[in-house]
Amino acid sequence: MPELPEVETIRRQLLPLYRGKEIADVRLKTPQLLKNCEPAFFADALRGQTIENMSRKGKFLIVECSHAFPVFHLGMSGIFLKDPAESRYPQHIHLDIDFTDGSALYFQDMRKFGKIWLYQEYPDLPNLGIDPIIGELSEAQLKEFLGKRSIGMKNFLMNQKPITGIGNIYASEILFRSGISPYRRTDEVNAGEVKALHESIHTILEDAIERFGTTYSAYRTVEGESGTNQDFLKVYQREGLPCTKCGSSILKSVIGSRSTFFCDNCQQ
DNA sequence: TCTGACCTGCGA
DNA sequence: TCGCAGGTCAGA
């Protein structure tokens, strides 16, 4: 669930709360979340480190410490909380980070799809494409990406290699705003549609960030509050409800093993 | 390029 | 009690 807007919301909230704090202790309760080192090494490497910055690429959150760079992917239900009392699922808090000033940070992940890595220097994350919020995704680049192969538009947006950060909810919303069917092939999209798609990617993601993300199940902000973007969704989870543009019923189908919502009349 | 596995809470 | 929710990745 946490897609680019949710991870960006978390980053923006965490940074002013934790920048400059020194890590006193780290307790990793679920070692399977850690992907590239042993839990003891992870804790040793972070103890005594100061958080200098936090950055993001796609759905990955990069914590920049003085000499260590833990990277988090929130999977489908991962969130950070500053207060464990805000947790709906306290049994699923997998990581506690204590700071020397007495504060703490908790990583909760009900479904354990989250992942954690530790790097000694700022990681490249080479398998990720352009982040449309922090990178420059031009219309020309988008057109080039679309023309490289012929795959369905929904699958194109979900693939993190050309453009990173878009997941199932925002893929449906972006295609609806663009007026493009999720079944269209990438090499069939015309110049006007490329322009609409380019505009929609930015608008949908930026609006969702302003609304602190979309809360459907587990996602909460660092303060434990819901986002508000779910109140503005036009197609996602609206099967059978009237399209806000034409009044036709919103349809649901499965594309790439994922639920996809669209208006058959507005999206060609 | 597509499918299933991973995982657990929730609603039907 | 069972199916669904979905991000990523391995394997077909």
Side-chain angles (χ1 to χ4, degrees), chain A residues 1-11 28-36 56-62 71-81 86-95 107-117 123 125-129 131-132 145-175 182-188 205 208 213-220 224 226-227 229-230 233 235-240 250-262:
Chain A
M1 288 285 190
E3 304 180 30
L4 187 156
E6 289 74 35
V7 181
E8 177 63 13
T9 298
I10 288 169
R11 187 193 71 82
L28 182 67
K29 299 170 181 173
T30 311
Q32 71 201 60
L33 300 185
L34 191 56
K35 296 301 172 186
N36 68 344
R56 180 190 57 74
K57 187 169 186 185
K59 303 169 190 174
F60 290 76
L61 179 72
I62 303 162
V71 174
F72 295 84
H73 190 291
L74 307 183
M76 295 182 33
S77 55
I79 59 172
F80 284 96
L81 293 167
E86 295 291 345
S87 176
R88 294 174 69 198
Y89 310 103
Q91 69 274 31
H92 295 299
I93 290 179
H94 305 297
L95 175 67
F107 178 63
Q108 171 193 291
D109 185 5
M110 178 182 79
R111 287 157 79 171
K112 295 181 187 167
F113 282 5
K115 297 181 178 68
I116 306 170
W117 297 262
L125 307 180
N127 291 328
L128 302 181
D131 181 304
F145 291 152
L146 289 166
K148 274 189 176 173
R149 63 183 66 147
S150 178
I151 58 173
M153 284 298 296
K154 173 81 184 306
N155 289 333
F156 169 77
L157 289 177
M158 296 282 288
N159 186 335
Q160 303 298 300
K161 186 76 175 178
I163 303 168
T164 184
I166 299 168
N168 202 44
I169 295 174
Y170 297 112
S172 283
E173 294 296 315
I174 287 167
L175 288 172
Y183 289 105
R184 281 281 291 286
R185 310 298 291 186
T186 46
D187 56 351
E188 296 171 348
L205 296 178
T214 302
T215 293
Y216 247 96
S217 52
Y219 169 71
R220 295 292 184 282
S226 297
N229 195 60
Q230 62 278 9
L233 298 176
V235 288
Y236 183 77
Q237 290 291 6
R238 296 194 72 246
E239 182 188 16
I250 298 298
L251 302 180
K252 173 185 174 182
S253 63
V254 175
I255 299 176
S257 307
R258 295 290 177 261
S259 297
T260 303
F261 299 85
F262 60 102

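Only a predicted model underlies this, so the values are computations on that prediction, with no experimental measurement involved.
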Would you mind classifying the nucleic acid contact of [X] as base, sugar-phosphate or nothing, using non-hydrogen atoms under 4.0 angstrom?
X	answer
A:Ser150	sugar-phosphate
A:Ile151	sugar-phosphate
A:Lys252	sugar-phosphate

Practice prompt. Would you kindly compare A:Gln32 and A:Arg88 by the position of their nearest DNA chain B nucleotide and give the one closer to the 5′ end?
Written response: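 Its nearest nucleotide being more 5', the pick is A:Gln32.
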Practice prompt. Give, for atom CZ of A:Arg220 and atom CD of A:Gln108, the distance between the pair rounded to the nearest 0.5 Å.
Written response: 9.0 Å
Exercise answer: donor-acceptor pairs, residues 150-157 of chain A side-chain atoms, under 3.5 Å, sequence neighbours excluded:
{"unit_1": "A:Ser150", "atom_1": "OG", "unit_2": "A:Arg185", "atom_2": "NE", "d": "3.4"}
{"unit_1": "A:Ser150", "atom_1": "OG", "unit_2": "A:Asp187", "atom_2": "OD1", "d": "3.1"}
{"unit_1": "A:Ser150", "atom_1": "OG", "unit_2": "A:Asp187", "atom_2": "OD2", "d": "3.4"}
{"unit_1": "A:Lys154", "atom_1": "NZ", "unit_2": "A:Asn168", "atom_2": "OD1", "d": "2.7"}
{"unit_1": "A:Lys154", "atom_1": "NZ", "unit_2": "A:Thr260", "atom_2": "OG1", "d": "2.7"}

Worksheet item: Under 3.5 Å, is there an N or O donor on one side and an acceptor on the other linking the side chain of A:Arg258 and the base of C:dA5?
Response: no
Practice prompt. Fit a plane to each ring of A:Phe107 and A:Phe72, take the angle between them on a 0 to 90° scale, and name the class: parallel (under 30°), tilted (30 to 60°) or perpendicular (over 60°).
Written response: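 Tilted, since the angle between the ring planes falls between 30° and 60°.
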Practice prompt. Report yes or no: does A:Asp109 contribute a side-chain atom to a donor-acceptor pair with the main-chain N or O of A:Phe113 at less than 3.5 Å?
Written response: yes
How many whole angstroms separate atom [atom1] of [X] from atom [atom2] of [N]?
X	N	atom1	atom2	value
A:Asp109	C:dT8	CG	C1'	13 Å
A:Ile166	C:dT8	CD1	C1'	16 Å
A:Asn127	C:dT8	CG	P	11 Å
A:Lys35	C:dT8	NZ	C1'	10 Å
A:Trp117	C:dG7	CH2	C1'	10 Å

Fill in: Boundaries of the chain A footprint along DNA chain B (any atom under 4.0 Å from a heavy atom)
B:dT1 to B:dC10
Discussion item. Any side-chain N or O of A:Gln160 below 4.0 angstrom from OP1/OP2 of C:dG7?
Written reply: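 No, A:Gln160 has no side-chain N/O under 4.0 Å of OP1/OP2 on C:dG7.
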Practice prompt. Kindly state whether the ring of A:Phe60 and the ring of A:Trp117 have centres lying under 6.0 angstrom apart.
Written response: yes
Worksheet item: Is it the case that more than 12 heavy atoms not belonging to A:Lys148 sit under 6.0 Å from its NZ atom?
Response: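 No, not enclosed.
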